[in-house]
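Reviewing the structure listed below.
We use all heavy atoms of the structure for the numbers below, so side chains are in, but hydrogens, waters and symmetry mates are not.
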Amino acid sequence: MKKNVIIGGIALLLFVIAAYATNQYSFSGAETSELPQPTAAITDDAVSESAAPAESIAPIETVSLEDSIDFTLTDLDGNEVNLKDLRGKSVYLNFWATWCKWCKKELPDINKINGLYKDKDLVVLAVSVGESQKQVSGFMQEHGYDLTTLVDPDKKVAQEYGVTALPVSIFIDKNGKIAHRKLGTMYEEELKKVIDGLLISS
């Protein structure tokens with residue numbers, strides 16, 4: 001009888017330990033999971049849209065800010081725009097494409113922000129990735145956007161900035177340092193918050 005009680009007690013103890021371990025693993029797994037944010041992936045041979053995890057770099061201390069990468073691209077009127085020439089002003093770079101539905105969702109808000117901040121030392125540059133000037137020009141005219149739009153047909157500038165999915169927003173301060181970067185759609189209120197902080201810190 002005693003032997004049966006002891007065996008039963010051991011079995012019960014083992015069951016409790018196993019249940020506890022299982023619950024701990026499940027909780028840990030749920031705790032570390034990430035919620036995906038819709039983005040559009042850039043590929044060499046084809047364009048695909050997928051759900052990728054959002055990546056956001058919060059504003060960093062001044063001593064640690066990363067240098068922006070200088071480039072020269074052509075706008076829709078055929079004029080060359082050089083990033084270095086804009087030193088002394090804050091710059092908002094938005095990498096996008098006409099086929100990217102998430103980009104198209106945020107463009108109206110970016111266009112509005114451009115109007116609100118055009119007299120506040122902020123330059124908004126919409127950089128179209130992997131598309132022709134004619135294609136992008138038609139899209140902008142169709143939607144009536146008043147944005148300085150640059151074309152990066154060979155994706156060279158996008159690659160230099162590590163852009164592998166769209167849209168990507170990069171905020172550069174007056175000293176040419178990258179202050180904030182985000183992968184994924186940004187709307188008016190979030191844009192205002194980041195830009196206001198950028199202008200104050202600059």
Any side-chain heavy atom of [X] sitting closer than 4.5 Å to one from [Y]?
X: Asp75; Y: Thr149; result: no
X: Trp96; Y: Ile110; result: no
X: Leu116; Y: Lys192; result: yes
X: Leu107; Y: Tyr145; result: yes
X: Val151; Y: Leu73; result: no
X: Ser132; Y: Pro153; result: no
X: Thr98; Y: Met140; result: no
X: Val127; Y: Asn94; result: no

Has [X] got a side-chain atom pairing as donor or acceptor with [Y]'s backbone, closer than 3.5 angstrom?
X: Asn114; Y: Asp146; answer: yes
X: Asp196; Y: Ile200; answer: no
X: Asp67; Y: Lys177; answer: no
X: Asp109; Y: Tyr187; answer: no
X: Asp70; Y: Lys84; answer: yes

Check: Does Lys182 come within less than 4.0 Å of Glu190, counting only side-chain N to carboxylate O?
Finding: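 Glu190 and Lys182: salt-bridged.
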
Next item on the list: Take Tyr161 and Ser68 through the side chain to side chain contact (heavy atoms under 4.5 Å, CB included) test and state the conclusion after the steps.
Entry: CA-CA 8 Å; Tyr161 275 89; Ser68 59; 3.6 Å; yes

Checklist line | Working for side chain to side chain donor-acceptor pair (under 3.5 Å), residues Thr74 and Gln133 | finding: CA-CA 9 Å; Thr74 305; Gln133 182 175 329; 5.9 Å; no

Notebook entry, point to check: Does a sphere of radius 6.0 Å around NZ in Lys112 hold more than 12 heavy atoms from other residues, nucleotides or ligands, not counting ones at 6.0 Å or beyond?
Noted result: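 No, not enclosed.
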
Notebook entry, point to check: What's the spacing between Phe171 CZ and Leu199 CG if we round to 0.5 Å?
Noted result: 10.5 Å

Checklist line | Euclidean distance, Thr72 OG1 relative to Asn82 CG, rounded to 0.5 Å | finding: 3.5 Å

Next item on the list: Let me see the working for Leu86 and Ile172 under side chain to side chain contact (heavy atoms under 4.5 Å, CB included), right down to the final yes or no.
Entry: CA-CA 10 Å; Leu86 300 175; Ile172 302 171; over 6 Å; no

Notebook entry, point to check: Any side-chain donor-acceptor pair under 3.5 Å between Asp154 and Gln159?
Noted result: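 No donor-acceptor contact under 3.5 Å links the two side chains.
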
Checklist line | Under 3.5 Å side-chain donor-acceptor pair for Ser90 and Asp173 | finding: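 On atom types as modelled, these side chains do not qualify, holding no pair under 3.5 Å.
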
Notebook entry, point to check: Would a hydrophobic clustering, with Ile, Leu, Val, Met, Phe, Trp and Tyr connected at side-chain separations under 4.5 Å, put Ile178 with Ile69?
Noted result: yes

Margin query: side chain to side chain contact (heavy atoms under 4.5 Å, CB included) for Phe95 and Val157? Distances and angles first, verdict last.
Written below: CA-CA 10 Å; Phe95 290 91; Val157 174; 4.0 Å; yes

Next item on the list: Report the C-alpha distance between Leu122 and Ile195 in whole Å, list the side-chain angles of each, state the deciding distance to 0.1 Å, and finish with yes or no for side chain to side chain contact (heavy atoms under 4.5 Å, CB included).
Entry: CA-CA 8 Å; Leu122 176 75; Ile195 292 168; 3.8 Å; yes

Margin query: Using ring centroids (six-membered ring only for Trp), state whether Phe139 and Trp99 fall under 6.0 Å.
Written below: no

